[in-house]
Amino acid sequence: MTVEHADCVVLGGGPAGSTFAAIARKYAPDAKIVLLEKCRFPRWHIGESTIPAANGVLEDLGVYQTMLASDFVKKMGVTFIWGKDRTPWTADYLTLKTISRAGGDASIIEVTGQDFEKLLGPGQTQRTPYSAFNVERSRFDQLLLDNARSLGADVREGTRALGAQRLEKSSQHVITWEDDAGNSGSITADFVLDATGLSHLLTKGERVYDENLNNFAVYGYLQGAEWKVTFSGSPDRSTVFIAAIEHGWIWYFPLGRDLMTVGVVTNRHHFADKLAGVDLETFFWKSLRSCPEVAGLIQNATLRDDILPKGARVGACQDWSSWAKETVGDGWAAAGDAAMFVDPILSTGVTLALQTGHRAAYTWLTQRARPDLPAASLWRAYSDYLRGEYGAFLTLARYFYGNNKAAPSWWWTAQQLVNASGRLRLEDRQAFTMATAGFFPVPRALGAGAEVVVPLIQGITGAADGLEAIYRDTGVPAPEDLSHETYSLVAPFRLDLRTEPGLERGLSGRLEVYHDLVTETPQMSHRLAATPARIDPALAPVVAAMPECSDVAGLLARARALLPTRDPAALRGAVLGIVRVAAMKGFIKLEGPRAAAVSAPLEAVACA
């Protein structure tokens, strides 16, 4: 039995694990990174579309140009049949005019006449193209795994991790393994990344399942099917096509010139109650032919039997949105589906795996480079990042289901009812400009994925104007106008570490670390990705005092008592800034000025 030591052991060689291993080795070439993957690649996997937010990660991995030069179908957006009628609309990435910022050659984007110059803000640029990829996962995952290997990761295919046991009084873990040749051994690792997908080795049994998004998918691969969308007659550019049908929705998009991935998604209870005993292939074809936008495209199509495992013509899986109760621990973290799986309606799975593997690697690298920072706080910041990104997409998925009026079936009605807690009740499009809405459509709200959300929201609401006012019209008064405001607490929050990649600021291989307001409230997790602020950690006592006060004037008085040595004018500005940030994030609700407070001197107003 082999006994070894490694700086890090990565469990799983999918996009999350291979991204972590590659980035860790790229920026820490002296580190011993061992990746254990139970399968031998290439192997089939579902989830075959990225969104543009992945491009920055692919660039850092060094594979983006390879992807562009490959025959992977370039994804130009998502075309939906969704809403009050069956008129299609497109969240369009690339039938877009690219223009240059005056005085520079950086590209920015204009979406259907909407100038994103103002959305980007002063001094910011968009460096990566607004396209994505439809990928055969067998080839894509092989590319990523080989990239990690080429960067020096010790990649071991056909090797299954049997368990991970933390050493007593240590953050180290002992990983036991066996391979398909009968060999076995153990590795003592200083750090372990769980990228085992829905097997979630380290979080097994500690997972929350979303009953509202408990769906069932039946899928297959067609040859002889016509493309739904091409761009400029090019057979290598298309959109993902999503169409609502009576009891669910279908995806339909090309992976190659004569290879279409197609799936039918329905609620698990509908499948179990109404379709018990129905042949999966019969259900698959019947569902496709029930969709008028697809039926004519598949007249000459046949199912392939050489892509799915064991020669199957159709496959099935339960798309049950779920997340780990804990995504980090002493000496370990989870990434990709092992951390959380979101409903596939927005094609986020592969991208989130790439992003979380990338962020986990950067967190690990930052921990190595910054021993002055508490490791637990760094990894808690990673966990907050996960909750923010996944929470935003999860809430958006719920909103999507809650707003499909196209199909009058009992399932869609049920979806609208059970997802009420995840829906936004927005009276008009101006609500979208308010940062207190959390993720709609503040550019930071879905991280680098804002380019998807803004046109998507335009498609749902018809809001084509005014989105450029996001940075300037937050719905929250300026700091100098807040001193007489009263407020109520919406969700408890704290001042804690936050982290962001800093590639554009020259921070290759490590994160920018700062302090910001963070909440643990699950219903508010989607707001964590919005409106980042950098707050002096010395102001932590003021943040802690905010729930004890009900008016800003009282908080200002409390702040002077808590921090008497601070310059009064600077302290006042800092406190008003914190109040504004808390309101923009939605952690507090501004109630308006208190009549007595308007005329009273600030010193006379105390915390409630």
Side-chain angles (χ1 to χ4, degrees), residues 46-53 73-95 131-135 213 215-222 225-231 237-255 260-267 284 287-298 317 319 321 342-352 393-407 409 411-412 415-416 419 446 449 451-461:
I46 197 67
E48 296 150 319
S49 188
T50 71
I51 59 178
V73 175
K74 309 310 180 289
K75 175 182 171 182
M76 315 301 277
V78 187
T79 299
F80 294 92
I81 301 292
W82 206 273
K84 294 182 179 180
D85 57 40
R86 298 195 72 82
T87 301
W89 58 272
T90 298
D92 220 342
Y93 303 157
L94 267 188
T95 51
S131 63
F133 301 94
N134 298 335
V135 296
L213 294 175
N215 297 327
F216 193 86
V218 180
Y219 46 80
Y221 298 86
L222 301 180
E226 296 181 38
W227 285 33
K228 179 64 178 176
V229 179
T230 60
F231 280 74
R237 300 173 187 274
S238 186
T239 69
V240 168
F241 182 67
I242 302 289
I245 55 177
E246 183 180 3
H247 294 295
W249 57 274
I250 65 170
W251 77 73
Y252 184 95
F253 61 90
L255 297 179
M260 196 72 60
T261 176
V262 186
V264 182
V265 180
T266 188
N267 185 267
F284 176 84
S287 298
L288 295 191
R289 290 168 181 146
S290 75
C291 180
E293 295 82 8
V294 169
L297 304 175
I298 60 172
C317 66
D319 286 325
S321 293
V342 181
D343 189 273
I345 185 66
L346 300 172
S347 300
T348 56
V350 179
T351 295
L352 286 172
F393 279 116
L394 185 62
T395 305
L396 185 56
R398 288 172 172 168
Y399 177 79
F400 227 84
Y401 281 116
N403 282 275
N404 178 42
K405 308 299 192 297
S409 76
W411 181 47
W412 289 114
Q415 289 288 294
Q416 293 173 39
N419 287 329
L446 289 179
E451 64 271 21
V452 180
V453 175
V454 174
L456 187 152
I457 294 305
Q458 290 175 343
I460 292 177
T461 66

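Just so you know, these numbers use all the heavy atoms, side chains as well, and skip hydrogens, waters and symmetry mates.
- Across E226 and Y252, no two heavy atoms sit closer than the pair O-OH, 2.6 Å.
- For S321 (side chain) and D343 (main-chain N/O), a donor-acceptor pair under 3.5 Å exists by modelled atom type.
- I46 contributes atom CD1, which lies 6.0 Å from atom SG of C317 (distance to the nearest 0.5 angstrom).
- For N134 (side chain) and P254 (main-chain N/O), a donor-acceptor pair under 3.5 Å exists by modelled atom type.
- No side-chain heavy atom of M260 sits less than 4.5 Å from a side-chain heavy atom of Y221.
- Two residues are said to be in side-chain contact when any heavy atoms from C-beta on lie closer than 4.5 Å; F253 and I242 fail this criterion.
- Of all non-hydrogen atoms in T351 and T50, the two that sit nearest each other are OG1-CA, 3.5 Å.
- Listed here is the closest heavy atom pair of L297 and W227: CD2-O, 4.1 Å.
- Remark: side-chain polar atoms of K228 are paired, donor with acceptor, to backbone N or O of E293 under 3.5 angstrom.
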Verdict with supporting geometry, V294 and V262, side chain to side chain contact (heavy atoms under 4.5 Å, CB included) | CA-CA 10 Å; V294 169; V262 186; 5.9 Å; no
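- K75 and S49 are linked by a side-chain donor-acceptor pair at a separation below 3.5 angstrom, with hydrogens and angles left out of the test.
- Side-chain atoms of E48 and Y219 form no donor-acceptor pair, as typed in the model, at a separation below 3.5 Å.
- The ring-ring contact (aromatic ring centres under 6.0 Å, His included) check on F284 picks up nothing, with sequence neighbours excluded.
- Note that the CD1 atom of I250 and the CD1 atom of I81 stand 9.5 Å from one another [nearest 0.5 Å].
- Residues R86 and P292 come closest through the heavy atom pair NE-CG, 4.1 Å.
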